[in-house]
Amino acid sequence: PDQYDAELDFDIGRKSNVLGLGTACPTVFDEDTDMVAVARNIARFFKHESCGQCTPCRSGTEKALELMKKDNWDQNLLTELSDCMRDASICGLGQAAPNGLLSLIKYFPEDLT
């Protein structure tokens, strides 16, 4: 709710403390939505869309999805993997792939317990 009035521009990360504008296509869910399922679906998308050219994206998206399929997530490992993907992927896809996961950890931690 605290992000409801966020202005959608390319400086949104600094202004509203969100990960970024992404595709500029906000998605709204009701309070009954399974956010873990949403994050897994986003992870599947990025795994499928990875061109496979660079290891951080190719292996990272695969490993992230594998870890996210478990009932209990190793949040520290997933965050470390996300940092590696963001720092070392050669294109925006690999750099943005962990955003759904990181948003879930940041904004919906209660869904991970």
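The model shown is predicted, which means the values in this text are computed figures rather than measured ones. Just so it is clear, the values below take in all heavy atoms, side chains as well, and ignore hydrogens, waters and symmetry mates.
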Should [X] and [Y] be regarded as members of a common hydrophobic cluster, given that ILVMFWY residues are connected when their side-chain heavy atoms come within less than 4.5 Å of each other, either directly or indirectly?
| X | Y | value |
| --- | --- | --- |
| Leu81 | Ile90 | no |
| Trp73 | Ile42 | yes |
| Leu65 | Phe45 | no |

Between [Y] and [X], is there a side-chain heavy-atom distance shorter than 4.5 Å?
| X | Y | answer |
| --- | --- | --- |
| Ser82 | Leu101 | yes |
| Met68 | Val36 | no |
| Val38 | Phe29 | yes |
| Asn99 | Arg86 | yes |
| Asp87 | Gln95 | no |
| Arg58 | Glu62 | no |

**Q.** Straight-line distance of Arg40 CZ to Lys47 NZ, nearest 0.5 Å
**A.**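 So the gap between those two atoms works out to 15.0 Å.
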Q. Which value, rounded to the nearest 0.5 Å, describes the distance between Leu102 atom CG and Met85 atom CE?
A.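 Leu102 CG to Met85 CE: 9.5 Å, rounded to 0.5 Å.
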**Q.** Thr33 side chain to Asp30 side chain, donor-acceptor N/O pair below 3.5 angstrom
**A.**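 Side-chain D/A pair, Thr33 to Asp30: present.
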(Q) Take a 6.0 Å sphere around CD of Glu49 and say whether it holds more than 12 heavy atoms from other residues, nucleotides or ligands. (A)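 Atom CD in Glu49 is packed in, count exceeds 12.
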Q) Okay, side chain of Thr79, backbone of Gln75: is any donor-acceptor separation there less than 3.5 Å? A)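 Indeed, once roles are kept as given, a pair shorter than 3.5 Å links the two residues.
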